[in-house]
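All values reported here derive from a predicted model rather than from experimental measurement.
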Amino acid sequence: MTKEKVIKEKWNWKKEMRLLPGYIIVMIWVLFTFLLLGWVAAASFSTTKEIFLGNALKFESGIHFENYVKAWTTSDVSTFFSNSLVYASISCVLLIAICAPAAYVLSRFDFIANKIIQSSFVSAMGVPAVMIVLPLFGLVANWNILNHTFSNRIILIFLYVGINIPYTTIFLLTFFSNLSRTFEEAAAIDGCSPMKTFWKIMLPMAQPGIITVTIFNFINVWNEYFMSLIFANSDKVRSVAVGLYSMINSMKYTGDYAGMFAAVVIVFLPTFILYLFLSEKIIAGVTGGAIKG
């Protein structure tokens, strides 16, 4: 073994030792998270009595799948789940349909208001939702459309799309800016119009960024609480966040804590599955925006 190789291995060893405290902290956090989630999952298959006795992990009375059936049917989790799924899915599709072309134009074409629009989007990302929700609620209340189920759904989707447009546009703008222009030049030589070039070539190339920002938007809408609390005035249109909160409050009277944990697991599953199966896409999308194409 050469002297240079020995020095290099010694340096790598010292570098790893310096990172050891960080590794320990991360491992402790991961272990704590898994233990916490595991206990919640176990409690959802247990009974309220076993939970209070501290025997939720022992399953002395067996595994109670009926907790999930009860939470899904009698506790209106199915309604809240369906509402949030509709809101998140439609909002994500509309956000990509609106923001992807806008981000492409801002990243590729120079015009007078380009920098102003970009700065406006960045500034809008810093505006708290509470500053615009209450004026919007007063405006919508004057239209007398809050008592209609369909109108409530449209309003919530409109708000979810509007609030997430600045972030989605800026994210995709950065991604499009780092894609090589040679593909567009080759398409132009072949007689392809800018619009056709975007839909046929550039949009598919931006797939990692689109998937990543769609996942983030889906999770944001799925976990959103304040908008649904203000604009959804009935259980028929409420999202899982507001519905779950009302269920937790009702546990004070019913005492069905096992059913509550089952509802929590049901609400948690969609975002967990997204991260579980699309984690590589998320990493590729985030890092792709930082690498020059």
Query - Sequence neighbours excluded - salt bridge (charged side-chain N to carboxylate O under 4.0 Å, His left out) pairs with any residue from residues 79-92 - result: none
Requested in this report: Please check if atom CD1 in I112 has more than 12 non-hydrogen atoms from other residues, nucleotides or ligands closer than 6.0 Å.
Outcome: no
Query raised in the report: Where is the tightest heavy-atom contact between V221 and Y160, given as atom of each residue plus distance?
Result: CG1-CD1, 3.6 Å
Query raised in the report: Is the distance between the ring centroids of W72 and F81 under 6.0 Å?
Result: yes
Report task. Please check if any side-chain donor atom of Y68 sits under 3.5 Å from a side-chain acceptor atom of S44, or the reverse. Result -> yes
Query raised in the report: Y167 and F121: aromatic ring centres closer than 6.0 Å?
Result: no
**Report entry** R238 side chain reached by F80 side chain, heavy atoms, under 4.5 Å
**Finding:** yes
**Report entry** Shortest non-hydrogen contact between F218 and L85, atoms and distance
**Finding:** CZ-CD1, 4.2 Å
Report task. Taking all non-hydrogen atoms of both residues into account, name the closest pair between L244 and A263 and its distance. Result -> CD1-CB, 4.1 Å
**Report entry** Residues forming a salt bridge (Lys or Arg N to Asp or Glu O under 4.0 Å) with R153, sequence neighbours excluded
**Finding:** none
Query raised in the report: About how many Å separate CZ of F226 and CG of L229, when rounded to the nearest 0.5 Å?
Result: 7.0 Å
**Report entry** Partner of F231 by ring-ring contact (aromatic ring centres under 6.0 Å, His included), out of Y87, Y225, F137
**Finding:** F137
Report summary line: Tightest non-hydrogen contact, residues V237 and L156, listed as O-CD1, 3.9 Å
Query raised in the report: How close do V267 and W222 get, heavy atom to heavy atom, and via which atoms?
Result: O-NE1, 3.0 Å
Query raised in the report: Within the distance-only criterion (no hydrogens, no angle test), does the side chain of T168 pair as donor or acceptor with the backbone N or O of L95 below 3.5 angstrom?
Result: no
Requested in this report: Examine distances only and state if a side-chain atom of S107 and a backbone atom of Y104 form a donor-acceptor pair shorter than 3.5 Å.
Outcome: yes
Query raised in the report: CD1 of I96 to OG of S91: how many Å apart, nearest 0.5 Å?
Result: 11.5 Å
Query raised in the report: Hey, does V213 have a side-chain heavy atom less than 4.5 Å from the side chain of N164?
Result: no
Query - Nearest heavy atoms of Q118 and L106, plus distance in Å - result: NE2-O, 3.5 Å
Query raised in the report: Does atom CZ of F34 have more than 12 heavy-atom neighbours from other groups under 6.0 Å away?
Result: no
